[in-house]
Structure formats: C-alpha cells, structure tokens
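Please read the structure below before turning to the comments.
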Amino acid sequence: MINPLRGMKDLTFEESHRFNFIVETASTIAKRYGYGYIETPILEETALFKRSVGDSSDIVSKEMYQFEDKGGNDVCMRPEGTAGVVRSFVHAKLDRQPMKQKFYYYGPMFRYERPQKGRLREFHQFGCESFGEASVYEDFTIIIMISQIFEALGIGFDLQINSLGCPTCMPPYKQNLVGFLTEIKEELCEDCNRRIGTNPIRVLDCKNKTCQSLLVNSPKLINNLCDECDTDFKKLTQLLDNAGISYEVDTNLVRGLDYYSKTAFEFVSNDIGSQSAIAGGGRYDKLVEFLDGKPTPAVGFAIGIERIMELVKMPEATREGIYLGAMTEDAVEKLFAIATQKRKETKVTVEYNAKGFKSHMKGADKVNARYAVLIGEDELKNGTVWVKDLESKEEKTITVEAF
RNA sequence: GUGGACGUAGUUCAGUUGGUAGAGCACCUGUUUGUGGCACAGGUUGUCGCGGGUUCGAGCCCCGUCGUCCACCCCA
C-alpha cells in the first residue's frame, strides 16, 4: 500500500465538506469587500521567496521544498501566498494602473517542517491582498473583514496587534535594540545570540523564559515610531475601539516574514493546541517595489485553514435529493431514465441492487435523502412509482410520467 | 532539527507474569417479500506497522526501521 507522504493529508467526507464550507464562507465575504479571485502557480522561482520572505527567515532558510527542475531552474513550492500574488501583480503591470486592486486566493502551501497538531507540510491558506491603498482605514477594514469571516464560521478569537514601523523609524530602532541586546548577550539563549546578527527583531518573541524576563526593559518599537506610524497606529486602535472589536497590543508581536511594516496583527485561538495563530497579516508597503514594481502600498492577511478546521461550526445537514431503488430485478433498469431526468434539478442516488423494502428505506436514510422512491412488482406492472417524503412522512403512488 | 508517547479488524480500543486475538461502533443477513432512524438474534472482517534477535513458544521482551500523535522550534 502506498501511503501519503509525511505531513500530507487526504481530505474526504466530513473534512472535505468542512474545507469547502470554510473556503466558500470566506470567499463570499471577501467578495463583499471588493476582492476578486486570483490564482497563482504553486511552483515559483526560489529567488521570489528569498527576496520577499527573506533569507534569514526559517521558512526560506530551511523549510522550503526547493529543487532544480529539468531546465536547470532553481524552483520551489510556494511556502506562503503573498509573494506569488505580488509577483503576479507586478508581472501584469497592475502597479501602473491607477485603480486599487484587491485579490483573494486559497490553496496549498508547502513547508518542510516536523508535522504536529495544526501543522502539516502541505497546508492550506485563504488570503487577501489589497494593493494601492495607503490609508490605515484599509488595515482596519481588513481586520473587520477577518472578524466577520470568523463570526460567520462560528469561531471565537483573540486579536493581537502591533506596529512594526517603517523605513524611517525601524532602522534607528533596530540599531538601538542591537545595542541593548549586545549588553545582555551573555545571558540570552543561543538562538537569540544568533538572531542579534541575523534578525534582531525576532529576539523579541523568543519563547525562552529567561530571555523574556531580560527583555522586559528592552526598548519598545511602539515608543519609538515616527510621527506618521504613530498617528496611524493610534488611529487603528481608535477605529477598533469604536467598532467594538477587542484587541491586545502585543509589542513583541513580530511577523515571521521580513516584508511586513507598520500594522501587524494576529488572530489567535486558545482551543487548538500550541499552533494557536489562526490568521495573521499586516501591511507591506515596500514589497511591490522590492519585487521590481512601482512603489505601491499594500496590506493583506492569510487564514490557516487546517488550524480552524475543528473550530468551525457547520450548519446542520438537511435531507436532500432522491433515493431510487427497485425491489425486483426487472425494475432496476427502469430507474435510470427517472434518475437522468431528476438529476437535471437535484441530487439522485440510485441503488443498483434489487433488494427488500426495509433495506431500501435504510439506504435512503443513510444517504440522507429527502425522498425515497421505489419500484416493486405492483409499480412495475402499473407503470408507477412509490414516493415517500422522509421528512413529512407523506407517501403516494403516482405514474412515472407524473413524477 | 530536538524530546516524549504510541502503531492490534473499516473505525475506536482491550489483550494479565510470554502459551498463535477480543469488545463496542460500522457493515451484511434475519425477526418483517411493502414502511426508515429503534430493538433483538445471527454473521463477515486481522501480514498484531515492517525487519531482525531472544525463546520450545512473541501482539507482549530486546535491537533497528518506517509511520502517527504531542511538545520544543517555526508559523497560518
């Protein structure tokens, strides 16, 4: 028997149903906010992610499915969705269009990690990217949209927000932080010491308790923002307050992808184990030009579909369609014409084996059909069918034509 | 990449100090040649993950391997 690869999962029955429900619900809401569907390739040039997500991130440095294709190109399976959408945006020269552009997507992402609860090697994200809107109103609107999606799915969450600053205020802050960290480096963990050189901001969300206690007095970016970033962040909190969305400012919230600036947010659930982030995103105003487009402000997010699978409250399944069965061999082939006709408008299940009445009733029940339609000896003789509404329990015998 | 737990029927699991497998659910049949969800009775289903070792004998003990799960890490 050939098994799926490690960290890859088949979705069937209940689960695939759930998956579709999540995607449909999120898509419906995204469209209401003006987002249009975009699909980009799963395979991309490796350089795309090195430049956008960043070489120093774990994702790029050790988790990518990367290989040389038969043409000698250095390619990889996308580890996240934003980079591909931005590449596509620039490639289609949409950066030269005066209008704002909004896209939503969903699909598989690949990261070579050790699987655990809420973490697969092939996982799925639903995401949105909004281009050309610099206003913090858009950041706010996106957060509202995500909360509406979660509300529609029946999922509770905590919202954490932070500002990562911009090219004006981030570099001086970073220098300041490196200075602080260098003084206490003896006491910091091994990983943090490495991060001081590669990506000092990441030290802030180190899980090590000793590190965290040492960081209590570290300089906070939130207190060192430039005027514009500071004004925007205050505006965002004010908008959220007015909208009645509760949130927590987490000064240690750092996105793992290098392209984020200004607003960063994460939706978290306490009910799903240690992989608690169910959605994350923020602003990435520099990414478009970083990928050779004209400077275009942008903001986006992604929801981890697997992370919310078991949290989703599905609407109750209702009886649907028709179950067709015959009680004598001769009647079986009478079913097909009826089935073909009825399939123009509804779901039809045809049982190919002639069997007893009770057995058919059970079968109709099992597929959750609304109507049980059976042909027995009498019906075959008279050119009729026996129809029962399994919900109202009403039954009747009518001609095939009338049915 | 690190650590821990676990791999037995379609599924969830039991299996005593080592003596060649069992239950619930599911499925099929019947009670009921025409009234579903319920009940009762009967029945089908196993490379005990794989490979080696110890032993008269291994589901059980030992080694290896693959896989799953959980945590670290990472992140959606």
Side-chain angles (χ1 to χ4, degrees), chain A residues 1-9 13 22 26 53 56-64 78-82 106-128 146 157 189-192 194-195 199 202 205-209 253-257 260 264-269 272-282 300-309 319 323 325-328 353-372 374-379 386-391 393-395 397:
Chain A
M1 186 167 56
I2 297 175
N3 296 314
L5 288 169
R6 182 159 217 206
M8 313 275 159
K9 197 168 181 279
F13 307 111
I22 291 168
V53 176
S56 67
S57 70
D58 280 26
I59 295 174
V60 171
S61 62
K62 46 191 189 199
E63 295 175 358
M64 290 209 296
R78 62 182 182 194
E80 60 98 46
T82 302
Y106 63 90
M109 309 293 162
F110 300 83
R111 293 181 199 174
Y112 197 89
E113 300 183 272
R114 187 92 170 256
Q116 68 177 77
K117 193 176 175 66
R119 186 169 80 184
L120 293 166
R121 288 180 175 178
E122 180 187 22
F123 62 102
H124 297 77
Q125 290 187 334
F126 175 93
C128 286
I146 301 167
F157 59 81
C189 74
E190 214 177 294
D191 285 335
C192 284
R194 179 176 44 82
R195 290 182 187 121
N199 198 348
R202 303 246 48 176
D205 70 344
C206 179
K207 298 295 192 307
N208 188 306
K209 288 205 179 88
L253 173 63
V254 173
R255 309 266 70 242
L257 290 64
Y260 286 111
F265 56 82
E266 201 161 282
F267 286 72
V268 175
S269 169
I272 53 169
S274 78
Q275 304 299 317
S276 58
I278 54 176
F301 74 93
I303 294 173
I305 297 182
E306 282 81 359
R307 299 254 170 109
I308 60 172
M309 279 285 264
R319 288 194 169 278
Y323 173 96
M327 284 172 288
T328 77
N353 293 311
K355 48 186 184 180
F357 185 86
K358 184 161 185 134
S359 184
H360 278 310
M361 291 304 280
K362 281 186 177 169
D365 222 31
K366 190 136 297 169
V367 298
N368 211 27
R370 173 73 190 271
Y371 298 98
L374 303 181
I375 300 180
E377 270 177 44
D378 295 346
E379 288 82 6
W386 175 88
V387 182
K388 177 163 185 172
D389 183 334
L390 295 175
E391 220 163 74
K393 302 184 198 305
E394 285 166 26
E395 54 183 273
T397 301

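Chain A is the first sequence line, chain B the second, and so forth, proteins listed ahead of strands; every chain is numbered from 1.
Nucleic acid contact for A:G7: sugar-phosphate only, since backbone atoms but no base atoms lie under 4.0 Å from a heavy atom of the residue. Within the nucleic acid shown, A:G273 comes within 4.0 Å of sugar-phosphate atoms alone, with no base atom in reach, counting heavy atoms only. Among the protein residues, A:E80 comes within range of no part of the nucleic acid, since none of its heavy atoms lies under 4.0 Å from any strand. When heavy atoms are screened at a 4.0 angstrom cut-off, A:F126 is found touching no nucleic acid atom at all. Note on A:G356: nothing from the nucleic acid sits closer than 4.0 angstrom, heavy atoms only. Counting non-hydrogen atoms under 4.0 angstrom, A:A279 reaches the backbone sugars and phosphates but no base.
A residue-by-residue look at A:G304 and A:K117 shows that A:K117 has its nearest nucleotide of RNA chain B further toward the 5' end. Comparing A:G281 and A:K62 against RNA chain B, the residue whose closest nucleotide sits nearer the 5' end is A:K62.
Going from the C1' atom of B:C66 to that of B:U29 covers 40 Å, rounded to whole Å. Here the separation of B:G37 from B:A76, taken at their P atoms, is 50 Å to the nearest Å. Separating the C1' atom of B:C13 from that of B:C28 is a span of 23 Å, rounded to the nearest Å. For the C1' atom pair drawn from B:C60 and B:A21, the interatomic distance equals 12 Å after rounding to whole Å. On the P atoms, B:A9 is 9 Å away from B:C48, given to the nearest whole Å. Taking atom C1' on both nucleotides, B:U44 is separated from B:A5 by 34 Å, rounded to a whole Å. Nucleotides B:G15 and B:C61 are separated by 12 Å at their P atoms, to the nearest Å. B:G53 sits 25 Å from B:G46 when the C1' atoms are compared, rounded to a whole Å.
The backbone N or O of A:R114 sits less than 3.5 Å from a side-chain atom of A:R119, completing a donor-acceptor pair.
If you check distances only, the side chain of A:R6 never reaches the base of B:U68 with a donor-acceptor pair under 3.5 Å. Contact annotation: side chain of A:R119 to base of B:C74, donor-acceptor pair present below 3.5 Å. Scanning atom types as modelled, no donor and acceptor separated by under 3.5 angstrom connect the side chain of A:Q125 and the base of B:C75.
Within a 6.0 Å sphere centred on CD of A:E395, heavy atoms belonging to other residues, nucleotides or ligands number more than 12. Open room surrounds OH on A:Y106; 12 or fewer heavy atoms of other groups in view lie less than 6.0 Å from it.
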Output a table of donor-acceptor pairs, distance under 3.5 Å, between side-chain atoms of residues 356-365 of chain A and any protein atom two or more places apart or on a different chain; print 'none' if there are none.
residue, atom, partner, partner atom, Å
A:H360, ND1, A:Y323, OH, 2.9
A:H360, NE2, A:A326, N, 3.4
A:H360, NE2, A:A326, O, 2.6
A:H360, NE2, A:K355, O, 3.3
A:D365, OD1, A:R319, NH2, 2.6

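Annotation: side chain of A:R111 is in contact with side chain of A:F123 (closest heavy-atom distance under 4.5 Å).
An OP1 or OP2 oxygen of B:C74 is reached within less than 4.0 angstrom by no side-chain nitrogen or oxygen of A:S57. In this structure, A:R307 does not reach the B:C75 phosphate: none of its side-chain N or O atoms is under 4.0 Å from OP1 or OP2. At the phosphate of B:A71, OP1 or OP2 sits under 4.0 Å from a side-chain N or O atom of A:Q116.
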(message) What does the B/S/- profile of nucleotides 30-42 of chain B look like, 5' to 3', with a 4.0 Å heavy-atom cutoff to protein?
(response) --B-BBBBB----
(request) Would you write the dot-bracket representation of RNA chain B, where each base gets (, ), [, ], | or . depending on whether it forms a Watson-Crick or G-U pair under 3.5 Å and with which partner? (result) (((((((..((((.....[..)))).(((((.......))))).....(((((..]....))))))))))))....
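When rounded to the nearest whole Å, the span between CG of A:D58 and C1' of B:U2 equals 14 Å.
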